[in-house]
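Report on one structure; see the data block that follows.
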Amino acid sequence: MNLLPYFAPVENRSAAYADEVIRLIQSQAQGITREALPAYTGAAQTAAGLIQRALMSAEITPSYLAAALHPELLGQIGRDMALNGESVIHKVINSRRTHLTPASTVTVTGGHDPASWMYDVQLPGPSKTVTVRNVIADNILHFRWSVDTREPWRGVGPLQSAALDTRILAELTSALGDEVTTPHGYFIPIPKTGGQSDSVKLLRSDIASAKGSALIVESMADAWQAGTRGQQARDWGAQRFGADPPNGLTTLYQAVNNMVLEAFGISPQLFDQGAQTREAWRVILFGVIRPLANGIQRELSSKFGVPVELRFADLRASDLQGRARAYKSLIDGGMNATTAQRICGFNE
């Protein structure tokens, strides 16, 4: 999903706005642009994929919304929020059935009150893209990672907030890509002869077809039948050539990669095997997944007119021992069981 980071009220359109539209058209025609590269880095995709899969595991209440808010859609909402800062869904209810369609491009108009906003959305399909204009806010689900108070109609995600770090990571990724795609292979010195002798031709053929097998070749100790006068100080051997990124580049890449993960709220310790892995997961669950789910719940509850809840019982199971210890401590401290169960999340 490629939500426009160019939402702007119609009344504020100007020459600068026109220039921005032209720039956007040009950038889309060129495919993945330099500005878009951060979204395609490993750190961004790792973070977005983790958030996507976590939201796919959510249980929805009321259950009758589960058909429309299926796991794939919830996962896409999370992924779009992570990478683009927002996700816009067009809502249509026909014959008591709810149809939710993600929008590929969006234009927002209106005043300062979000209830007054009007949306033009493009809904992509396999053979055509449908444009729906002047959709009222009640028929749009607009999920945002965070907002800038100067532009509240636009979602702001980690890649936009940590723009400098993500740009550096994209540049480093590109540089490493250039390094590893350089020509590579082996230089293999062969005896110097006056012409192409049968022995040299046979050696060339054997080397080309070796594919990892051992070759028995004639020694260079006698300089290929040149006698002791031309004897070599050392025998010949193969020398590898190819990618050899400097240590400073790879170290900087790893450091910036970790900083981008942390901008998403994801500790790099999650990917280390050790005692800190469980704590890193707990931080992500309560510091990233749960707050995102709370924001999604509020938007769904507002637009559907019923309390909507996303629960993550499967994800919380990984923290069962820690919550059990916390529950015991609360009970021993005099708290009643109902309150302790709620605090420890046993109701999820």
Side-chain angles (χ1 to χ4, degrees), residues 1 45-103 138-146 155 157 264-267 270 277-327 330 337-348:
M1 188 171 179
Q45 292 298 316
T46 297
L50 189 153
I51 292 168
Q52 177 183 17
R53 292 186 293 274
L55 287 176
M56 288 179 70
S57 70
E59 300 174 13
I60 304 172
T61 303
S63 58
Y64 64 79
L65 289 177
L69 285 165
H70 51 83
E72 290 76 15
L73 180 59
L74 280 173
Q76 182 176 352
I77 290 170
R79 187 177 189 85
D80 290 337
M81 292 173 69
L83 294 178
N84 305 314
E86 61 190 356
S87 178
V88 175
I89 310 293
H90 182 233
K91 174 171 70 76
V92 175
I93 300 178
N94 290 326
S95 302
R96 296 185 178 181
R97 290 192 59 188
T98 301
H99 301 271
L100 301 177
T101 307
D138 282 346
N139 290 334
I140 292 290
L141 304 176
H142 194 173
F143 307 101
R144 285 160 289 182
W145 182 283
S146 64
F264 284 89
I266 297 174
S267 171
L270 178 69
T277 302
R278 186 183 299 275
E279 181 60 30
W281 171 246
R282 185 182 294 112
V283 170
I284 294 169
L285 182 59
F286 291 102
V288 180
I289 305 303
R290 188 67 258 176
L292 283 180
N294 290 342
I296 293 173
Q297 288 177 174
R298 287 192 296 271
E299 179 70 0
L300 292 173
S301 299
S302 173
K303 299 301 173 64
F304 283 103
V306 295
V308 178
E309 183 180 5
L310 301 181
R311 301 170 62 248
F312 298 94
D314 291 345
L315 300 184
R316 299 279 316 262
S318 62
D319 191 36
L320 186 59
Q321 286 185 339
R323 287 185 290 144
R325 289 193 296 269
Y327 175 78
L330 293 175
T338 302
T339 304
Q341 289 173 6
R342 177 179 57 80
I343 291 176
C344 296
F346 290 143
N347 297 327
E348 291 195 8

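We use all heavy atoms of the structure for the numbers below, so side chains are in, but hydrogens, waters and symmetry mates are not.
The minimum heavy-atom distance linking I51 with G78 is given by the pair CG2-O, 3.8 Å. Taking every heavy atom of both residues into account, R311 and T61 meet most closely at CD-OG1, 4.4 Å. Summarising the geometry of L270 relative to T277, their closest heavy-atom pair is O-CG2, 3.5 Å, with the distance given to 0.1 Å. The minimum heavy-atom distance linking P62 with P307 is given by the pair CD-O, 3.4 Å. Residue A293 comes nearest to F312 through the heavy atom pair CB-CE1, 3.5 Å, listed as atom of the first residue, atom of the second, then distance.
Side chains of E299 and H142: a donor-acceptor N/O pair is absent below 3.5 angstrom, by distance only. Judged by distance alone, the side chains of R290 and N294 do bring a donor and an acceptor atom under 3.5 Å apart.
Within the 4.5 Å cutoff, no side-chain heavy atoms of Q52 are placed close to those of E72. Looking at heavy atoms from C-beta onward, L141 lies out of side-chain contact with I77 at the 4.5 angstrom threshold. A heavy-atom distance below 4.5 Å is found between the side chains of I89 and L73. The shortest side-chain heavy-atom distance between I296 and M81 falls under the 4.5 Å cut-off. Side-chain contact between V92 and N139 is absent, with no heavy atoms from C-beta onward closer than 4.5 Å.
With values rounded to the nearest 0.5 angstrom, Q76 atom CD is found 5.0 Å from D80 atom CG. Here the straight-line distance linking atom CG of L292 with atom CZ of R144 works out to 13.5 Å at 0.5 Å rounding. Atom CZ of F264 sits about 11.0 Å away from atom CG of L50, to the nearest 0.5 Å. Rounded to the nearest 0.5 angstrom, L310 CG and Q297 CD are separated by 4.5 Å. Atom CZ in R79 sits 10.0 Å away from atom CG in N84 (nearest 0.5 Å). Rounding to the nearest 0.5 angstrom, the gap separating the NE2 atom in H70 from the CD1 atom in I60 is 9.5 Å.
With S57 contributing its side chain and A54 its backbone, the two residues share a donor-acceptor pair below 3.5 Å. A donor-acceptor pair is defined here as one N or O able to donate and one able to accept, closer than 3.5 Å; no such pair exists between the side chain of T98 and the backbone of I93.
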